[in-house]
Amino acid sequence: METETFTSIMGAFPAGVAVITTVDERGQPKGLTTTAVSSVSAEPPLLLVCVARTSRTLPALQHTQRFVVNFIESGFEEICTLFASRAEDKFEGLAWDSSHGGLPYLPEHTVAWAECEVEREIEAGDHVIFIGRIEAGEAHPAQKQPVVYFRREYGIVGPRP
Ligand SMILES: Cc1cc2nc3c(=O)[nH]c(=O)nc-3n(C[C@H](O)[C@H](O)[C@H](O)COP(=O)(O)O)c2cc1C
């Protein structure tokens, strides 16, 4: 199958946008924008995220074995664009915090966040799947709307008209 066909198929499936944040071996904050995030298990609480082998955040994730999933709030699409870039320091000039576990995260820009410890790493094609055990997290009030990605555009979730 052509890659274009694959992305068109998967692009027809709306997905929330999450920025994955971690630190590298020098303690520098790193992160990337993702939609390949899924709930896996409630007991124990597990989620997964798929990261491309070409990602410059991948070595940091593999080294630190911990990460935060920041589910981005509508209105902060520029953060999704920033973390989808190859910028050297994506955190420069950004209001970010340190989690209890000492990881960079973006609670002010999220509808929810989850701090995870890597439980398993699975190689799958051109991506690496990280199964993370959720150690801490929070969901913000229901009136906050998430950013969703659908047919290569950012959108919002709304009630049926
Ligand atoms: C909406 C959107 C969703 C994305 N989802 C993923 C994803 O699930 N996994 C992934 O590895 N890259 C994903 N990307 C691409 C990365 O964000 C992009 O390649 C980024 O430059 C990686 O940064 P890094 O090399 O600094 O880690 C997505 C990009 C966008 C715009």
Side-chain angles (χ1 to χ4, degrees), residues 1-41 46-96 98-99 103-106 109-134 137 144-158:
M1 175 183 281
E2 299 287 326
T3 304
E4 178 68 17
T5 311
F6 170 79
T7 52
S8 297
I9 293 169
M10 297 316 296
F13 182 58
V17 182
V19 169
I20 310 301
T21 49
T22 188
V23 284
D24 68 11
E25 76 285 354
R26 294 179 302 134
Q28 294 300 310
K30 294 278 171 189
L32 81 158
T33 296
T34 61
T35 46
V37 175
S38 177
S39 168
V40 172
S41 157
L46 302 175
L47 56 71
L48 69 75
V49 55
C50 305
V51 178
R53 286 178 194 278
T54 51
S55 159
R56 294 199 293 184
T57 309
L58 178 63
L61 288 166
Q62 290 178 317
H63 173 267
T64 304
Q65 295 286 299
R66 290 189 304 119
F67 59 88
V68 179
V69 182
N70 301 271
F71 296 98
I72 302 299
E73 183 186 356
S74 179
F76 294 111
E77 289 76 4
E78 80 281 4
I79 289 186
C80 307
T81 303
L82 171 68
F83 280 88
S85 75
R86 307 276 286 181
E88 195 53 54
D89 184 0
K90 300 179 190 176
F91 291 80
E92 198 184 3
L94 194 66
W96 57 278
S98 260
S99 70
L103 295 179
Y105 77 140
L106 310 164
H109 308 106
T110 59
V111 290
W113 59 271
E115 184 166 5
C116 303
E117 173 111 33
V118 174
E119 181 133 315
R120 260 178 85 189
E121 245 180 83
I122 302 161
E123 307 218 336
D126 55 10
H127 279 59
V128 178
I129 304 169
F130 289 91
I131 297 186
R133 180 191 279 257
I134 304 173
K144 286 195 174 189
Q145 293 293 310
V147 180
V148 292
Y149 197 64
F150 177 57
R151 295 200 176 123
R152 295 170 200 172
E153 281 187 308
Y154 295 123
I156 51 167
V157 182

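When a ligand or atom number is given, it counts from 1 through the structure's own listing order.
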Dump the pairs for me: ligand 1 N or O, protein N or O, distance under 3.5 Å, to 0.1 Å.
residue, atom, partner, partner atom, Å
ligand 1, 5 (N), Thr35, N, 3.1
ligand 1, 8 (O), Thr35, N, 3.2
ligand 1, 8 (O), Ala36, N, 3.0
ligand 1, 9 (N), Cys50, O, 2.9
ligand 1, 11 (O), Ala52, N, 2.7
ligand 1, 14 (N), Thr33, O, 3.2
ligand 1, 17 (O), Thr33, O, 2.8
ligand 1, 21 (O), Ala84, O, 2.8
ligand 1, 21 (O), Ser85, O, 3.0
ligand 1, 23 (O), Lys90, NZ, 3.0
ligand 1, 25 (O), Arg56, N, 2.7
ligand 1, 25 (O), Arg86, NH1, 2.9
ligand 1, 26 (O), Lys90, NZ, 2.8
ligand 1, 27 (O), Ser55, OG, 2.6
ligand 1, 27 (O), Arg56, N, 3.2
ligand 1, 27 (O), Thr57, N, 3.0
ligand 1, 27 (O), Thr57, OG1, 2.6

Discussion item. Are more than 12 heavy atoms, taken from residues, nucleotides or ligands other than Ile156, located less than 6.0 Å from that residue's CD1 atom?
Written reply: no
Worksheet item: Quick one: does Tyr105's side chain get under 4.5 Å of Phe67's, heavy atoms only?
Response: no
Worksheet item: Is Glu25 salt-bridged to Lys30, cutoff N-O under 4.0 Å?
Response: no
Worksheet entry | Where Phe130 and Leu61 come nearest, the two heavy atoms and their spacing | CZ-CB, 3.8 Å
Worksheet item: Okay, side chain of Asp24, backbone of Ala60: is any donor-acceptor separation there less than 3.5 Å?
Response: no
Worksheet entry | Pairs involving residues 118-127, ordered by first then second residue, that meet side-chain hydrogen bond (donor to acceptor under 3.5 Å, both in side chains) (sequence neighbours left out) | Arg53-Glu123, Gln62-Glu121, Gln65-Glu121, Glu119-Arg133
